[in-house]
Protein chains: 2
Amino acid sequence: MTTAYAQIRQAIVEGRYQPGQRLIEQRIAEEFALSRTPVREALRRLEAEGLVHSEPNRGAVVRDMTIEDLSDLYGLRAQLEAYAAELAAARIEPHQVEELDAAIADFDRALADDESDPLDVTRLIADANRRIHGTVLAAARHDRLGQLLDRTVDVPLSFQAFRQFDRAETERSHLFHQLIRDAIVAGDASRASALMREHVLQGRDVLVAHLEG
Amino acid sequence: MTTAYAQIRQAIVEGRYQPGQRLIEQRIAEEFALSRTPVREALRRLEAEGLVHSEPNRGAVVRDMTIEDLSDLYGLRAQLEAYAAELAAARIEPHQVEELDAAIADFDRALADDESDPLDVTRLIADANRRIHGTVLAAARHDRLGQLLDRTVDVPLSFQAFRQFDRAETERSHLFHQLIRDAIVAGDASRASALMREHVLQGRDVLVAHLEG
DNA sequence: GCATCCCAGATTGCACACAATCCGCTAGCC
DNA sequence: GGCTAGCGGATTGTGTGCAATCTGGGATGC
């Protein structure tokens, strides 16, 4: 099951299964050399996560979203991540501060790297970014919030082709990461929250502009 | 599947399956005169919703929560409902204002009713309350937010025995409902948001006090 | 006495078969 | 010509058997 879930999920997030496409159990089962049973369970799980939409007796399709839907989703994510930052400001532990600093340093290093393959640099940046947000979330120590955020963050990925980060945008993100880090470490919950909200909403604007253009 | 899901869920929320209790597929299947297959799917769905926790090859148990977990959950709910109120202030439509007013009027009527069986009154109040919050959520026009909220709101129910509402508390809720309604209708998003957050956090305090006492 | 190994029972994970349902299409009727 | 009823293929929903895995307890060795 776990394997079916992970594989189908990856296929959706990477865009191999496109929005709107029907996900026929038998076909997927054959594709992954499994029976329908684990495929069904994976589809139910993906439905609960919102990546897939399904109706009784009619099966599942990869969920399609309008730009408005995506924009709303980012708005929700902004709320959730802002709350995570707020909690983190009160709950973060020293070793998590170290993790956060390390991830921010990696982001900085990747940003300054003008020798490696740009594709690798993009990957490094994306990874450091994930670690930064992940550490804030872990510091919030709120399992359920983490769960909801994981799901909310991944959905839009299926609508973004893998794309290079614009330099100015990336530097702005870096700045925000540092400000957010400082607010959290200083225990200033309301500023941490506001900065994180703004940071995510900036991301929304960039995505929307990209999709409209 | 749908029937298995609904039945198991109800059993958990009503407390017939207690927190910590193992949910053995075969046993539940027999109890509802089904095979294990729909039961399995229902358990997976409940797991995704957070009502149930399960580990590979070890099965599912009704999720247990500490007071801290519940308190955190209410904090999350406060964020989400506040966001719903914020969006509703910008998006509500005339017929939804009518629905909201009708639900608030029902709440008022139930509150003034000192003749009916107190248990019926409590049920009426709980129902009006659900409609008020449901209408705000509908007015927010944000499917995903609605989904997340449904799940976040129901979980604590399994930890509350059905209880009478304290009169002062109920009147305070009624007041907040009216203030929230006015802010939404006036299009004042930030006040609607702040009021809703406070309203939910009051609910948290009451629940926590109740569980500790 | 204590730790370790191993076995038996219980339970979940998966495959497969059959039943129920849905959708598109054709034939028949008005 | 257009509309409705009904048929057949495709797909999902459910039941069941077997394999894989975990748990607890007892026997064995130190």
Side-chain angles (χ1 to χ4, degrees), chain A residues 1-13 15-65 143 147 150-151 155 158, chain B residues 1-13 15-65 143 147 150-151 155 158:
Chain A
M1 192 274 285
T2 283
T3 170
Y5 167 75
Q7 286 183 292
I8 297 171
R9 180 182 181 120
Q10 194 175 5
I12 293 173
V13 171
R16 276 179 36 232
Y17 293 159
Q18 300 253 327
Q21 181 175 338
R22 282 190 70 185
L23 298 174
I24 291 161
E25 298 171 359
Q26 184 61 44
R27 291 245 292 262
I28 297 175
E30 282 166 14
E31 188 173 335
F32 297 138
L34 289 167
S35 84
R36 278 176 55 218
T37 311
V39 172
R40 282 177 66 78
E41 298 199 353
L43 290 177
R44 287 294 145 80
R45 211 167 141 188
L46 292 165
E47 183 188 3
E49 289 183 21
L51 276 167
V52 148
H53 177 78
S54 77
E55 288 178 43
N57 288 309
R58 302 197 37 190
V61 299
V62 180
R63 183 153 179 179
D64 200 359
M65 300 187 102
D143 289 349
Q147 247 183 44
D150 280 346
R151 294 177 195 166
V155 175
S158 56
Chain B
M1 191 275 284
T2 282
T3 171
Y5 166 75
Q7 286 183 292
I8 298 171
R9 179 182 183 122
Q10 194 176 3
I12 294 174
V13 171
R16 276 182 34 234
Y17 293 160
Q18 299 254 328
Q21 181 175 338
R22 282 191 71 186
L23 298 174
I24 291 160
E25 298 171 359
Q26 185 62 44
R27 291 246 295 261
I28 297 176
E30 283 166 14
E31 188 174 334
F32 297 138
L34 288 167
S35 83
R36 281 176 51 221
T37 312
V39 172
R40 283 177 65 77
E41 298 200 353
L43 289 177
R44 288 295 144 79
R45 212 167 140 188
L46 292 165
E47 183 188 4
E49 288 183 22
L51 276 167
V52 148
H53 177 77
S54 77
E55 288 179 44
N57 287 311
R58 302 198 37 190
V61 299
V62 180
R63 184 153 179 180
D64 200 359
M65 300 187 103
D143 289 347
Q147 247 183 46
D150 280 345
R151 292 175 195 168
V155 175
S158 55

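FYI, side chains are in, hydrogens and waters are out, and symmetry mates aren't considered; it's all heavy atoms of this structure. In what follows, every chain begins at residue 1, and chains take the letters A, B, ... in the order their sequences are listed.
Distance A:Arg36 CZ to D:dG13 C1': 8 Å, rounded to the nearest Å. As a whole-Å value, the separation of B:Glu41 CD from C:dG13 C1' is 13 Å. Note: CD (B:Gln26) to C1' (D:dG15) measures 11 Å, nearest angstrom. Distance CG (B:Leu23) to C1' (C:dT12): 14 Å, rounded to an integer number of Å. Following rounding to the nearest Å, B:Ile24 (CD1) and D:dT21 (P) show an atom-to-atom distance of 20 Å. Spacing between atom NE2 of A:His53 and atom P of D:dT12 amounts to 14 Å, rounded to whole angstrom units. Residue A:Gln21 contributes atom CD, which lies 13 Å from atom P of D:dT11 at whole-angstrom precision. Atom CZ of A:Arg27 and atom C1' of D:dT12 are 15 Å apart (whole Å).
Here the CD1 atom belonging to B:Ile28 is positioned 4.5 Å from the CD1 atom belonging to B:Ile8, to the nearest 0.5 angstrom.
Closest to the side chain of A:Leu34, from the set D:dT14, C:dA15, D:dC22, is C:dA15. Comparing atom distances between the B:Glu25 side chain and each of C:dC14, C:dT12, D:dT14 picks out C:dT12 as nearest. Closest contact between the side chain of A:Pro38 and the listed nucleotides C:dA15, C:dT21, C:dC18 involves C:dA15.
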TODO: For A:Tyr5 and B:Arg44, run side-chain contact (heavy atoms from CB on, under 4.5 Å): C-alpha distance rounded to whole Å, both residues' side-chain angles, the deciding distance at 0.1 Å, then the answer.
DONE: CA-CA 12 Å; A:Tyr5 167 75; B:Arg44 288 295 144 79; over 6 Å; no

- [ ] Test B:Gln7 against B:Glu31 for side-chain contact (heavy atoms from CB on, under 4.5 Å), laying out the working first.
- [x] CA-CA 10 Å; B:Gln7 286 183 292; B:Glu31 188 174 334; over 6 Å; no

- [ ] Give the intermediate values and the outcome of side-chain contact (heavy atoms from CB on, under 4.5 Å) for residues B:Val62 and B:Gln18.
- [x] CA-CA 7 Å; B:Val62 180; B:Gln18 299 254 328; over 6 Å; no

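B:Phe32 is not listed as a side-chain neighbour of B:Val39, based on a closest heavy-atom distance of 4.5 Å or more.
When heavy atoms are screened at a 4.0 angstrom cut-off, B:Arg22 is found touching the sugar-phosphate backbone but no base atom. Within 4.0 Å of B:Leu43, counting heavy atoms only, lies no atom of the nucleic acid at all.
Taking each heavy atom of B:Gln21 and B:Arg16 in turn, the nearest pair found is OE1-O, 4.0 Å.
Look at B:Arg40 and you'll find a side-chain N or O under 4.0 angstrom from OP1 or OP2 of C:dG13. The side chain of B:Ser35 contributes an N or O atom lying less than 4.0 Å from OP1 or OP2 of D:dG15. Side-chain N/O atoms of B:Thr37 include none lying less than 4.0 angstrom from OP1 or OP2 on D:dT14. Put simply, B:Arg44 has a side-chain N or O that comes within less than 4.0 Å of OP1 or OP2 on C:dG13.
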Are any protein N/O atoms closer than 3.5 Å to N/O atoms in nucleotides 23-25 of chain C? If there are, list each pair with its distance.
from	atom 1	to	atom 2	distance (Å)
C:dC23	OP1	A:Arg58	NE	2.8
C:dC23	OP1	A:Arg58	NH1	3.2

Do any side-chain atoms of residues 51-61 of chain B form donor-acceptor pairs under 3.5 angstrom with protein atoms, and if so which ones, sequence neighbours left out?
from	atom 1	to	atom 2	distance (Å)
B:Ser54	OG	B:Glu47	OE1	3.1
B:Ser54	OG	B:Glu47	OE2	3.2

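For A:Asp64, the CG atom counts as densely surrounded, since its 6.0 Å shell holds more than 12 non-hydrogen atoms of other residues, nucleotides or ligands.
Ranked by how close their nearest DNA chain C nucleotide is to the 5' end, B:Ala60 and A:Ala33 are led by B:Ala60.
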